[in-house]
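Please read these numbers as outputs of a predicted model, since none were measured by experiment.
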Amino acid sequence: MTQPSDALILFNGEATGEYAVLRHQAGVVEAKTDVIAEEVPIALVYNGVSHAVMLATPQDLEDFALGFSLSEGILDAPGDLYGMEVINQPQGIALHLEVATGCFQRLKEKRRSMAGRTGCGLCGSESLEQALRIPVTKLTKTTLNTDKITGSVISLAFANIRQLQKLQALTGATHASAWINTHGDVELLREDVGRHNALDKLLGALAKRKQQGDGFVLTTSRASYEMVQKTVSAGINMLVAISAPTGLAIRVAEQCNLTLIGFARENSYVVYSHPENLAP
């Protein structure tokens, strides 16, 4: 079926686009071209069955698919993802993932149990336990050691991340999540219009590494419950946010032994849970 000529094209094939704008400044109107971050529907399809559609920036899609699948508990390990095909369409992108049979069977059971329910923003789960997926296993210092993380390291990380947010510098519209080592250096950084997507992309990139040194996650967003849950699911002991946490995020972090830090700046930060994991 042919689309009408005025059909909305949701995906232009790039992570950014150029748009004609009128800039008003001090009473002067000027025609300009702005670089804008794209927000694209991305379907995650597991073994031929569509599971979720996310709105995300169309870059680092392999990292996104792996990180999302791990942090949402669809996969148990990176090796459970056998392959991925990216199919671009005018309406968005379909990520076709080939996953282990056991993981797919579990996903089908979950989808079957959700069928026919009326949801209120939490996937139609029938209980708080299902909706929130509070991590059962508590973090220990043997997962990823944070003993070497000091206040100066956090301050340096804040200064370093701003210089590496290329998409944010172009568009002013994206969040970043970064893996920071014990020296305050940014080893990995991923960007997206959605803070959860940026974190999933980072966790996917980390999962593909064969060896992982000590460090922590720094996010340019607030620290919501989902950000805490995803960090804990990756076995990471510390989440540092540039903005504030929510109350639920603090309580989950406290229960799971996650060091949660907010309002990170070059010379200050606020520790909300488990300060004992920081170096003196």
Side-chain angles (χ1 to χ4, degrees), residues 44 51-56 64 67-76 110 113-114 117-141 143-144 146 149 154 157-158 161 174-180 190-204 206-207 215-265 268-278:
L44 292 120
H51 172 67
V53 178
M54 310 291 290
L55 285 170
F64 175 58
F68 175 88
S69 300
L70 290 169
S71 69
E72 294 296 317
I74 297 169
L75 303 182
D76 297 318
K110 179 181 178 181
S113 69
M114 287 164 46
R117 297 180 189 157
T118 300
C120 55
L122 287 171
C123 300
S125 299
E126 64 183 4
S127 69
L128 287 176
E129 288 78 8
Q130 291 177 352
L132 296 179
R133 293 187 298 108
I134 304 298
V136 176
T137 303
K138 293 186 177 182
L139 296 168
T140 69
K141 288 187 178 180
T143 50
L144 288 174
T146 56
I149 306 301
I154 295 172
F158 174 84
I161 193 174
T174 58
H175 288 294
S177 285
W179 177 251
I180 311 296
R190 295 293 183 267
E191 294 183 89
D192 198 277
V193 290
R195 64 186 189 278
H196 306 110
N197 301 334
L199 181 55
D200 277 332
K201 288 178 178 180
L202 176 67
L203 296 181
L206 287 171
F216 62 94
V217 169
L218 174 62
T219 176
T220 61
S221 72
R222 71 180 186 272
S224 61
Y225 150 75
E226 296 96 332
M227 303 294 281
V228 166
Q229 181 271 323
K230 289 176 182 292
T231 302
V232 171
S233 73
I236 297 171
N237 295 65
M238 185 181 298
L239 174 63
V240 179
I242 288 177
S243 297
T246 65
L248 180 58
I250 295 172
R251 293 191 293 275
V252 173
E254 185 64 40
Q255 178 177 321
C256 295
N257 295 338
L258 174 79
T259 299
L260 180 60
I261 295 173
F263 293 109
R265 299 293 184 270
S268 64
Y269 57 91
V270 179
V271 183
Y272 291 91
S273 64
H274 293 285
E276 71 278 5
N277 290 335
L278 284 164

Are side-chain heavy atoms of [X] and [Y] found at a separation under 4.5 Å?
| X | Y | value |
| --- | --- | --- |
| Ser224 | His196 | yes |
| Phe216 | Ile149 | yes |
| Leu203 | Leu70 | no |
| Met227 | Leu199 | yes |
| Val217 | Trp179 | yes |
| Val232 | Leu139 | yes |
| Met238 | Leu278 | yes |
| Ile250 | Leu260 | yes |

Using every non-hydrogen atom in the two residues, find where [X] and [Y] come nearest and quote the distance to one decimal.
| X | Y | result |
| --- | --- | --- |
| Val228 | Ala253 | CG1-N, 4.0 Å |
| Gln229 | Ser71 | NE2-O, 3.1 Å |
| Val240 | Ala264 | CG1-CB, 3.6 Å |

State the [atom1]-[atom2] distance between [X] and [Y], to the nearest 0.5 angstrom.
| X | Y | atom1 | atom2 | answer |
| --- | --- | --- | --- | --- |
| Ser243 | Arg195 | OG | CZ | 9.5 Å |
| Thr259 | Leu239 | OG1 | CG | 10.0 Å |
| Ile261 | Tyr272 | CD1 | OH | 10.5 Å |
| Asn257 | His274 | CG | NE2 | 4.0 Å |

Report summary line: Sorted by chain and residue number, the side chain to side chain contact (heavy atoms under 4.5 Å, CB included) partners of Ala178 (sequence neighbours excluded) come out as Ile161, Ile180, Val186, Leu189

Report task. Please name all residues satisfying side chain to side chain contact (heavy atoms under 4.5 Å, CB included) with Arg251, sequence neighbours left out, ordered by chain then number. Result ->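 By the side chain to side chain contact (heavy atoms under 4.5 Å, CB included) rule, Arg251 matches Leu248.
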
**Report entry** All side chain to side chain donor-acceptor pair (under 3.5 Å) counterparts of Ser221, not counting sequence neighbours
**Finding:** Thr219

Query raised in the report: side chain to side chain donor-acceptor pair (under 3.5 Å) with Ser273: which residues, sequence neighbours excluded?
Result: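 Ser273 satisfies side chain to side chain donor-acceptor pair (under 3.5 Å) with no other residue.
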
Query raised in the report: Pairs in or reaching into residues 229-250: which pass salt bridge (charged side-chain N to carboxylate O under 4.0 Å, His left out), with residues at least two apart or in two chains?
Result: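 Listed once each, the pairs are Glu72-Lys230, Asp200-Lys230.
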
Requested in this report: Any chance you could lay out the side-chain contact (heavy atoms from CB on, under 4.5 Å) test for Ile74 and Phe68, step after step, and finish with the verdict?
Outcome: CA-CA 8 Å; Ile74 297 169; Phe68 175 88; 4.0 Å; yes

Report task. Please test Arg265 against Ile242 for side-chain contact (heavy atoms from CB on, under 4.5 Å), starting from the C-alpha separation and ending with a verdict. Result -> CA-CA 7 Å; Arg265 299 293 184 270; Ile242 288 177; 3.4 Å; yes

